[in-house]
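Just below is one structure, and these are the notes that go with it.
Bear in mind the structure is a predicted one, so any value in this text is a computation, not a measurement. Atom set for the values below is all heavy atoms of this structure, side chains included, hydrogens, waters and symmetry mates excluded.
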Amino acid sequence: MTLQTAEASSLETVDAAVDRLLAEYPPASTPPAGFLGAQYDAGLAWVSFPVGLGGLGLGVGLQKHITARITAAGGPSGFFRNPLGYGMGGPTVLAHGTDEQQQRYLRPLFTGEEVWCQLFSEPNAGSDLASLATVAVPDGDDWVINGQKVWTSWGHVARWGMLVVRTDPSVIKHRGLTFFLCDMTAPGVEVRPLRQMTGDAEFNEVYLTDVRLSDATRIGAVGQGWGVALTTLNNERYMLSDGLSARPAIDAAIRLWRERADTSSAQAQVLRDRLLDLWVQIEVTRLTVLRSDTDRERGGTGPQGAVAKLATAQLNKQATDLCVDLLGAAGMIYGSYDTREFNIEDAAEQGSPVRAFLRARANTIEGGTSEILRTTLGERVLGLPGDIRVDKSLPWSEVRRS
């Protein structure tokens, strides 16, 4: 069977499965969780996953085709109902979880019945995640967790948190880490909202005080948490570069340009030049994402995900900035800065151009700051000299901290 024949056969298989799903579970009359559960059972949640775990064992590139068909039919999105779980948690559990953990977590994760969040960053361990200080001490079949996490998106609605903690301070910082799934409803877990410029309280800080977690919630081996976390972070890069496209912002800018009364003045021509330049750059980024998807389908893990995430964050900021300039004086008006608790329904809404402008600043921070991504690409892809690091060979307990 040729490659082209195999791809055609896979597409036919997927289309037949989507046809059955839409016929048996009409999106207009099926509750979202019920539809997504049926989608998971049909192997259309993560089509590249094994049969029985939400997939059909087919190429990852087919997922966009599946999503496009279901969206066009009015179906719900497993990604938008649980983005961190779908884009990061699912692949991590598949790569490092036990059979029991895969059966337990993947389906309710995809349906949105159990939302996930990420408990990685700390006040003194953001860019240098491996220096984190949240500790886990074994106690029988449990672990007792103490520490603080920050920038926890969706922490206030999450059921499970992807948690990295220090279990051995006597070794170098990368080797003493372990990965758990933290029950966000457990005693000792306190979630405090962080108010953003938009008024949304999407991010949170999380305090963990004598939180007891069963060893059954551990993902991967004790002391191997850094490797598990890298799986999560690599998938986060792909998720952000793919899911948080700058396309909506440039589409809004094109619409605002067409609505302008003045398109011939010198000022208007400057705005037009900015619009055209951004459109070209965003199109180039879209093609980079497509190349990244092709590499992933062939089993590769190149730097395109990090490149696209870095570019998308910057371009989205520039495109929303252009939208505000196109609005003129109206761009200074925002409906309300009152604190609002961010919820699942808000995730799929693009909001006003001004809201998008205020939110776009977060793109350069979440999922790895743009500064750190530039450092990573410079060192690991371009081969530039690395930053001076005096703690690489020291046990974590001996590293000086402020």
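Counting only N and O atoms by type, the side chains of Gln267 and Ser265 include no donor and acceptor under 3.5 Å apart. Checked by atom type, the side-chain pair Ser397/Ser170 shows no donor-acceptor distance below 3.5 Å. Counting only N and O atoms by type, the side chains of Asp183 and Trp160 include no donor and acceptor under 3.5 Å apart.
Side chain of Gln196 to main chain of Glu202: a donor-acceptor pair is present (N/O by atom type, distance under 3.5 Å, no hydrogens or angles). Between the side chain of Gln101 and the backbone N or O of Thr98, at least one donor-acceptor pair lies under 3.5 Å. The closest donor-acceptor contact from the side chain of Arg380 to the backbone of Leu382 lies at 3.5 Å or more, if one exists at all. Proximity of a side-chain donor or acceptor of Asn146 to a complementary backbone N or O of Asp210 within less than 3.5 Å is detected. Side-chain N or O atoms of Arg166 include one that pairs as donor or acceptor with a backbone N or O of Ala130 at under 3.5 Å.
In Trp151, the CH2 atom is not crowded: 12 or fewer heavy atoms of neighbouring residues, nucleotides or ligands sit closer than 6.0 Å. Residue-environment remark: CZ (Arg175) stays at or below the threshold of 12 foreign heavy atoms within 6.0 Å. Within a 6.0 Å sphere centred on CZ of Arg389, heavy atoms belonging to other residues, nucleotides or ligands number more than 12.
Of all heavy-atom pairs spanning Asn124 and Ser131, the tightest one is O-OG, 3.5 Å. Closest of all the heavy-atom pairs between Phe35 and Pro76 is CD2-CD, 3.4 Å. Heavy atoms only, all atoms of each residue included: Arg274 and Asp325 are closest at NH1-OD2, 2.8 Å. The minimum heavy-atom distance between Asn235 and Thr231, with the atom names listed, is ND2-O, 2.8 Å. Considering all non-hydrogen atoms of both residues, Val47 and Gly59 come closest at CG1-O, 3.4 Å.
Considering Met88, Met162, Met184, Arg159 as possible partners of Trp116, the one that fulfils the side chain to side chain contact (heavy atoms under 4.5 Å, CB included) test is Met162.
Here the straight-line distance linking atom CZ of Arg247 with atom CD of Glu283 works out to 5.5 Å at 0.5 Å rounding.
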Exercise. How far apart are the C-alpha atoms of Phe179 and Trp226, what are their side-chain angles, what is the distance that settles it, and do they pass the ring pair (Phe, Tyr, Trp, His ring centres under 6.0 Å) test?
Worked result: CA-CA 8 Å; Phe179 192 110; Trp226 184 248; over 10 Å; no
For this session: Decide yes or no on salt bridge (Lys or Arg N to Asp or Glu O under 4.0 Å) for Arg107 and Glu114, but give the supporting numbers first.
Result: CA-CA 9 Å; Arg107 194 177 191 277; Glu114 293 183 347; over 6 Å; no
For this session: List the steps and the verdict of side chain to side chain contact (heavy atoms under 4.5 Å, CB included) for Thr67 and Ser77.
Result: CA-CA 8 Å; Thr67 301; Ser77 167; 5.6 Å; no
Exercise. Which is it for Arg218 and Thr178 under the side chain to side chain contact (heavy atoms under 4.5 Å, CB included) test, yes or no, and what are the steps along the way?
Worked result: CA-CA 8 Å; Arg218 174 171 47 82; Thr178 303; 3.6 Å; yes
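Salt bridge absent: Glu100 and Arg104 never bring a charged side-chain N and a carboxylate O closer than 4.0 Å. For Arg69 and Asp15, the salt-bridge test passes: some basic side-chain N is under 4.0 Å from an acidic carboxylate O. Salt bridge status for Arg359 with Glu366: present, with a side-chain N to carboxylate O gap under 4.0 Å.
Geometrically, Arg192 engages Tyr207 in a cation-pi contact defined by less than 6.0 Å to the ring centre and at most 45° from the axis.
Residue pairs meeting the salt bridge (Lys or Arg N to Asp or Glu O under 4.0 Å) criterion with at least one member in residues 146-156, sequence neighbours excluded: Glu122-Lys149.
Between Trp154 and Phe203, the ring centre distance reaches or exceeds 6.0 Å.
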